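Below you'll find the structure, written out as structure tokens, and then a few comments.
Counting convention: from 1, in listed order, for ligands and their atoms alike. Note that the structure is a prediction, hence the values are computed from the model and not measured. Heads up: numbering here begins at 1 and tracks the sequence.
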Amino acid sequence: SSLPTALQDKYVLTRRIGTGVCGEVRLAFERSTCRKLAVKIINKKNFQSEGTATRNAETEIQILQRVDHPCLIKTEDFYQTEDSYYIVLELMEGGELFHRVKSQQQLNEGVAKLYFYQMLCAVQYLHRNGIIHRDLKPENILLSSNEDTCLIKVTDFNQSRILEEAALMRTLCGTPSYLAPEVFTHASTTGYGLAVDAWSLGVLLFVCLSGYAPFHESFSENSVKEQIIRGEFTMVPSKWRRVSNQAKDVVRKLLVVDPTQRMSVDEALQHPWLQDQQMLQTARSLMYPEGEDALPAAAPSDAPVAASMEVESSTGER
Ligand SMILES: C/C(=N\NC(=N)NO)c1ccc(NC(=O)c2cc3cccc([N+](=O)[O-])c3[nH]2)cc1
């Protein structure tokens, strides 16, 4: 296929390393540095720019270029032709979480916790920036290496939405008399909108801990859609025997049908299962490898040392 000459001037594209429903991922070398990179090629016809929503393909590209978090994929460069997008990305040599879980049957609980914590941090960052991912699944979680202890990154913002807070603000300026109650209770945008990602994270954690999907046509005479609508999932004893009750509790509180009753990403980050200092320390060193000295000095010089110490020693607040 005709690669943009500007892309070819800067990179050599070689073998395919990942496939997706909407395109492929190729291994690339930057000519000037011989650095290894990944190039995601997306054919534009896959971008159904829905007539209704304000969303269009550029939204994804904008999001990809705007987000800045250690657990979100970073784009290095971007090209387009009339029929495709070419996104140059950092290489994630561990590949997709989907294949890691498949090859290991199920992840050991400590590894699942390390990965899940990083996913929570990535999605918390998106939610704080008014972005709903809407398509969190094992294919969209990439691993930085083939080690169990590795950095993960969330990718593929094709389905994501930027919460139209501005539109809501405009609405609230008009005469309220005809507005539905949920417009005021935020259920229409920030409320339940973000909760869809919490549900998907529950499915992701279920798959990491057990190796199989919670909703599957072979589990019940109901269709998968029916099972989801009813929140009808099965924890097969042989697969869940060695999983802790705290881990199961996180799954059960995320796979709640009523979005207003579902545990949020912020609440999940406070769940006892994740107050594991060793895991948090490992995650922090993966996410911020330069360590604390790279971050701006935290406590102002006049803060009494004791006070800053007790903050450290309490819930390990970050
Ligand atoms: C932005 C995006 N998708 N956006 C979109 N609209 N898709 O529908 C996107 C989707 C997937 C990926 N995947 C990879 O970068 C990716 C997959 C993979 C598998 C084995 C090995 C590597 N690797 O980097 O070594 C891989 N990288 C990267 C970006």
Side-chain angles (χ1 to χ4, degrees), residues 1 3-4 7 11-30 33-50 53-104 115 118-119 122-123 125-126 129 131-148 150-162 196-197 200 204 207-208 286:
S1 65
L3 297 177
L7 172 73
Y11 306 97
V12 178
L13 265 62
T14 63
R15 65 185 168 83
R16 179 188 295 204
I17 49 181
T19 54
V21 67
C22 68
E24 59 175 357
V25 183
R26 305 271 290 272
L27 174 64
F29 294 82
E30 186 179 34
T33 60
C34 279
R35 244 177 357 128
K36 288 197 292 189
L37 293 149
V39 176
K40 170 80 181 182
I41 303 168
I42 302 168
N43 13 42
K44 285 185 178 173
K45 67 179 184 311
N46 278 284
F47 271 101
Q48 325 299 346
S49 57
E50 292 141 27
T54 57
R55 153 149 184 70
N56 57 37
E58 273 62 43
T59 306
E60 169 169 24
I61 306 300
Q62 280 163 3
I63 292 177
L64 277 167
Q65 291 175 327
R66 190 179 89 185
V67 295
D68 177 19
H69 187 276
C71 299
L72 288 174
I73 199 82
K74 265 190 190 38
T75 56
E76 296 237 350
D77 224 342
F78 168 70
Y79 301 85
Q80 62 176 308
T81 59
E82 72 281 349
D83 61 357
S84 296
Y85 288 110
Y86 300 82
I87 310 171
V88 181
L89 305 140
E90 51 193 323
L91 202 64
M92 292 298 281
E93 308 202 62
E96 296 167 4
L97 175 65
F98 178 82
H99 295 117
R100 181 71 60 90
V101 174
K102 207 167 140 201
S103 60
Q104 295 189 5
Y115 294 173
Q118 293 178 70
M119 292 176 221
V123 177
Y125 171 93
L126 291 175
N129 287 278
I131 298 168
I132 314 175
H133 187 283
R134 299 201 338 156
D135 193 20
L136 293 167
K137 55 189 178 188
E139 298 86 327
N140 290 338
I141 307 293
L142 302 177
L143 301 163
S144 62
S145 82
N146 288 313
E147 305 294 321
D148 278 349
C150 69
L151 189 62
I152 67 103
K153 291 182 189 262
V154 174
T155 187
D156 193 339
F157 295 90
N158 189 26
Q159 300 303 331
S160 51
R161 292 290 175 277
I162 297 176
V196 299
D197 285 341
S200 304
L204 267 165
V207 169
C208 287
L286 287 165

Next item on the list: May I ask you to identify, for Asn140, whether its side chain, its backbone, both or neither come under 4.0 Å of ligand 1 on a heavy-atom basis?
Entry: neither

Item checked: Side-chain donor or acceptor of Ser144 paired with backbone N/O of Cys150 under 3.5 Å -> no

Next item on the list: Could you see which bit of Leu64 sits under 4.0 Å from ligand 1, with heavy atoms only: side chain, backbone, both or neither?
Entry: side chain

Notebook entry, point to check: Of the backbone atoms (N, CA, C, O) and the side-chain heavy atoms from C-beta on, which set of Thr155 has a member under 4.0 Å from an atom of ligand 1: side chain, backbone, both, or neither?
Noted result: side chain

Margin query: Quick check: Glu90 and ligand 1, any N/O pair under 3.5 Å apart?
Written below: no

Next item on the list: Go through the side-chain N and O atoms of Gln118 and Lys153 and say whether any donor and acceptor fall under 3.5 Å apart.
Entry: no

Margin query: Show me which atoms of ligand 1 lie under 4.0 Å from any heavy atom of Gly95.
Written below: 19 (C), 20 (C), 21 (C)

Notebook entry, point to check: For Leu142, which of Glu90, Glu93, Glu96 qualifies under side chain to side chain contact (heavy atoms under 4.5 Å, CB included)?
Noted result: Glu96

Check: Can you check salt bridge (charged side-chain N to carboxylate O under 4.0 Å, His left out) on Glu76 and Lys74, steps first, answer last?
Finding: CA-CA 6 Å; Glu76 296 237 350; Lys74 265 190 190 38; over 6 Å; no

Notebook entry, point to check: What are the atoms of ligand 1, with element, lying closer than 4.0 Å to any heavy atom of Glu93?
Noted result: 25 (O)

Checklist line | Contacting atoms of ligand 1, where contact means under 4.0 angstrom from a heavy atom of Glu60 | finding: 1 (C), 3 (N), 4 (N), 5 (C), 6 (N)

Check: In terms of the angle between their ring planes, are Tyr11 and Tyr79 parallel, tilted or perpendicular, with boundaries placed at 30° and 60°?
Finding: perpendicular

Check: Near Leu89, which atoms of ligand 1 are under 4.0 Å from a heavy atom of that residue?
Finding: 15 (O), 28 (C), 29 (C)

Margin query: Against the six-membered ring of Tyr85, is Lys44 placed for a cation-pi contact (under 6.0 Å from the centre, within 45° of the normal)?
Written below: yes

Note to self: Checking the side chain of Ser84 only, and the main-chain atoms of Gln80 only, is there a donor and an acceptor separated by less than 3.5 Å?
What the structure shows: no

Check: Of Ile42, Ile17, Leu91, which has the heavy atom at the shortest distance from atom 19 (C) of ligand 1?
Finding: Ile17

Margin query: Below the 3.5 angstrom mark, is there an N/O of Ile73, backbone or side chain, next to an N/O of ligand 1?
Written below: no

